[in-house]
**Q** 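This is the structure I have questions about; it appears just below.
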Amino acid sequence: MVPAGKEQWDNVQVIVRDNNVDQALKALKKKMQREGIFREMKLRRSYEKPSERKAREKAEAVRRARKLERKRLEREGF
């Protein structure tokens with residue numbers, strides 16, 4: 001069971017084929033990027049006040065909404 005407010009990360013796993021560690025490392029980095037692990041690590045480097053966190057999350061939501069609206073308008077041909 002995950003405590004309240006804590007996210008649970010599934011294990012990220014990559015298979016090394018033909019002893020090609022470089023290729024496996026590249027795939028691992030890509031998976032971690034997609035999962036948002038690097039971003040999470042960056043955010044957790046220092047303490048973020050709850051008010052700052054709320055403001056950041058609100059700004060991110062606004063950016064996402066604007067991006068979706070731009071894409072929707074582009075699809076519709078405006």
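Along the sequence shown, residues carry numbers from 1.
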**Q** Could you go through the salt bridge (charged side-chain N to carboxylate O under 4.0 Å, His left out) check for E57 and R53 one step at a time?
**A** CA-CA 6 Å; E57 289 176 349; R53 179 177 177 215; 3.1 Å; yes
**Q** Tell me whether R39 at atom CZ has more than 12 heavy atoms from other residues, nucleotides or ligands lying less than 6.0 Å away.
**A**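 No - once you tally the heavy atoms of other residues, nucleotides and ligands closer than 6.0 Å, there are 12 at most.
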**Q** Please determine whether side chain to side chain contact (heavy atoms under 4.5 Å, CB included) holds for the pair V16 and V14, giving the CA-CA distance in whole Å, both sets of side-chain angles, and the decisive distance to 0.1 Å.
**A** CA-CA 7 Å; V16 179; V14 176; 5.7 Å; no
**Q** Using a strict threshold of under 4.0 Å (side-chain N to carboxylate O), is an ion pair present between E40 and R44?
**A** yes
**Q** Report the distance from atom CE of M32 to atom CZ of F38, rounding to the nearest 0.5 Å.
**A**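 Between M32 CE and F38 CZ, I get 4.0 Å after rounding to 0.5 Å.
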**Q** Honestly curious: do Y47 and M41 fall in one hydrophobic cluster under the side-chain, below-4.5 Å linking rule?
**A**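 No, no single cluster joins them.
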**Q** Within the structure provided, determine whether R64 and E60 are in side-chain contact (heavy-atom separation under 4.5 Å).
**A**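 Of all side-chain heavy-atom pairs linking E60 with R64, at least one is under 4.5 Å.
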**Q** Report the distance from atom CG of L68 to atom CG of L73, rounding to the nearest 0.5 Å.
**A** 11.0 Å
**Q** Answer yes when E69 and R72 have at least one side-chain N-carboxylate O distance shorter than 4.0 Å, and no when they do not.
**A**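 Salt bridge present between E69 and R72.
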**Q** If you measure from the Lys or Arg side-chain nitrogens to the Asp or Glu carboxylate oxygens, is any gap between E74 and R70 under 4.0 Å?
**A** no
**Q** Output the distance between atom CD1 (I15) and atom CG (N20), rounded to the nearest 0.5 Å.
**A**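 I15 atom CD1 to N20 atom CG measures 13.5 Å (nearest 0.5 Å).
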**Q** Give a yes or no on whether E48 atom CD has more than 12 heavy-atom contacts from other residues, nucleotides or ligands under 6.0 Å away.
**A** yes
